[in-house]
Protein chains: 2
Amino acid sequence: MFELYQLEQLLAFAECGTLSGAAERLHLSQPALSRSMQRLEAELQVSLFDRQKNKIKFNENGRMAAEYARQVMEKCQDMIGRVQAFDRSQRTILLGSCAPAPLWEIPPVLSDLYPDRTISSEMRENDVLLQGLRDNFYQLIILPYPVEEPGISCVKYGEEHLYFSLPPAHPLSGSKELYMKDLNGETMLLRNRLGFWRNVTDQKMPDTRFLEQEDVAFEELVKFSALPSFTTDVVLHREGNPVNRVNIPILDDEANVTYYCLYKPHGLNDLNAFLKTLPTD
Amino acid sequence: MFELYQLEQLLAFAECGTLSGAAERLHLSQPALSRSMQRLEAELQVSLFDRQKNKIKFNENGRMAAEYARQVMEKCQDMIGRVQAFDRSQRTILLGSCAPAPLWEIPPVLSDLYPDRTISSEMRENDVLLQGLRDNFYQLIILPYPVEEPGISCVKYGEEHLYFSLPPAHPLSGSKELYMKDLNGETMLLRNRLGFWRNVTDQKMPDTRFLEQEDVAFEELVKFSALPSFTTDVVLHREGNPVNRVNIPILDDEANVTYYCLYKPHGLNDLNAFLKTLPTD
DNA sequence: ATGCCTTACGTTATACGTAATTATT
DNA sequence: AATAATTACGTATAACGTAAGGCAT
């Protein structure tokens, strides 16, 4: 049987058109390549080149062989990529989430439960997350809605409820509850990296001017500006109630989400220890 | 990059389950195989085996890698087969036929028309012929029925009609025409290597005892025995009418065939010169 | 004990580089 | 002359075999 290095050499020749050029690209001497191709021909029992005294080019067999060589090399590269990805997925847990809150809570739990694994996490669009789970890129994703799909399990993770965070001087600060449209058109402060929440605000409050801020700047501005902003029950529980702010529940359905935890039950990762930590309702 | 011999070794281990067994199958020493697999793991940067002190078996990575290795090797074998077939098809014409008669007539014509090519021919089952044509193993095949298939052309080649060849003393020797069932149950002489005709006789005359004979012996026996046998118009035209025999046409549809010539019009062989020699109806 | 895997070490096979040769532009 | 391919010959890399050691059944 021929060897892969010979197929690589064949492909180098296919691209260069001369043995000397291909040899240079391969960091190989010209005679070595010449002999290697002769061996390949002998191995295949087929001539691959038209040879004149100081000229060499593919014949039809050679062109065909090069095309197959390309496919074989591609398959080998695919093999390397997939086996390595598979190996990684066995020793790491990659968490994808549609929103920031789960990323505050889940990675510490996972690190605790799976101390011998690397825990990584990132925020992405819902559809990217779902496809990534299908492809075994993620081992665990959090979506703001349930998904029924063969091979994928879906359990409730938790809830998050959006509030307006208003300065006491705001005309609506005395409200018991509000709809998002009630503040549409005003200028609001917004954390950046809000995940899917950003889609909700854009959709329900299209006329609002959002001033996006980094986390630290956001907290400072909330403290010292009179601009309305958002908060959630999870944020309030985590960071406490900021001074000089009134938190008013938002009634829109989109502002009150249930997160779902999606994973492949037949994946190699045993996520049961983590799943047991979830609420059972 | 790893090499193909390592994938072969991986597959041998996959089948044997032990390094020593695989090494023996590969005609290789056990330590050599052990190191080779270590190199493969290092190359892939992934562990493929669970190792205990004197036990080794695949881990999940290994099983996956073996599956990909199988696919790669398969693709390489496919490459070899196709390149060799392509090479052959450029310098030879391989004719496959369902019956002997076309093999008497066609090869001389091809040799005449294509003096610089090697003409080979063989007789095979209909389905083998058709698959071989699809795979570019054959450049030209003869079947006893037409085939409509994309990429394959089909033109009428000729006809052949089966006769009973009876000794004058046979009770049915005065018949004008017969059906195959009329002689079912008797003992008959048969040439061997009849191709698809053998299927016809077995199917239509299941109770007949056929004494298969080599060509030479067959002709002798026809001359000197009183056993009925078969002949065809092509045979009669080729060999003349044997003495002391009466030839009676057989009326069954299966006994009167039209041969069709199948080939790939886009193949590299220019078979037009041959096709022009065929009848135009 | 016997079987199986690994490590160590010396050997061999084979792919490689250098040099020489020939032919083409 | 310069470029390109092949052949010849010596070299070096790397896979191999043998030997030795450890562990399990």
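Each chain gets a letter, A, B and so on, in the order the sequences are listed, and its residues count up from 1.
For Q52(B) and dG3(C), the CD to P distance is 20 Å, given to the nearest whole Å. Atom-to-atom, NZ of K53(B) to P of dC23(D) comes out at 6 Å; the value is rounded to the nearest Å. Summarising the geometry, the separation between CD on E8(A) and C1' on dA15(C) is reported as 15 Å, rounded to the nearest angstrom. Between L33(B) atom CG and dG17(D) atom P there is a gap of 10 Å when expressed in whole angstrom units. Rounded to whole Å, atom P of dT13(D) lies 18 Å from atom CD of E3(B). With rounding to whole Å, H27(B) atom NE2 is found 11 Å from dG17(D) atom P. Here dA4(D) presents its C1' atom at 11 Å from CZ of F13(A), a figure rounded to the nearest Å. Between R39(B) atom CZ and dT6(C) atom P there is a gap of 13 Å when expressed in whole angstrom units.
The phosphate of dT6(D) has OP1 or OP2 within less than 4.0 Å of a side-chain N or O from R51(A). Phosphate contact (OP1/OP2 of dG3(C), side-chain N/O of S20(B), threshold under 4.0 Å): absent. Note on S36(A): every side-chain N or O is 4.0 Å or more away from OP1 and OP2 of dA15(C). Phosphate contact (OP1/OP2 of dT25(C), side-chain N/O of K55(A), threshold under 4.0 Å): present. Residue Q30(A) places none of its side-chain N or O atoms closer than 4.0 Å to OP1 or OP2 of dT3(D).
With distances taken from any side-chain atom of A32(B) to the nucleotides dC16(D), dC5(C), dA8(C), the minimum falls on dC16(D). Taking every side-chain heavy atom of Q38(B) into account, dT7(C) is the closest of dC5(C), dT7(D), dT7(C). Side-chain proximity of L28(B) to the nucleotides dC5(C), dT24(C), dG17(D) is greatest for dG17(D). Nearest to the side chain of P31(A), among dA15(C), dC16(D), dA19(C), sits dA19(C).
Annotation: F58(B) is in aromatic contact with F13(B) [ring centroid separation under 6.0 Å].
Evaluation of the salt bridge (Lys or Arg N to Asp or Glu O under 4.0 Å) rule for R35(A) yields no partner, not counting sequence neighbours.
Remark: side-chain polar atoms of Q6(B) are paired, donor with acceptor, to backbone N or O of E3(B) under 3.5 angstrom.
When heavy atoms are screened at a 4.0 angstrom cut-off, R35(B) is found touching base atoms of the nucleic acid. Contact annotation for S29(A): base contact, defined as any heavy-atom pair under 4.0 Å involving a base atom.
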(request) Test salt bridge (charged side-chain N to carboxylate O under 4.0 Å, His left out) on R39(B) and E41(B) and set out the steps. (result) CA-CA 5 Å; R39(B) 289 194 302 271; E41(B) 288 178 293; over 6 Å; no
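Evaluation of atom-type donor-acceptor distances gives a pair under 3.5 Å for the side chain of N54(B) against the base of dC23(D).
Salt bridge absent: R63(A) and E67(A) never bring a charged side-chain N and a carboxylate O closer than 4.0 Å.
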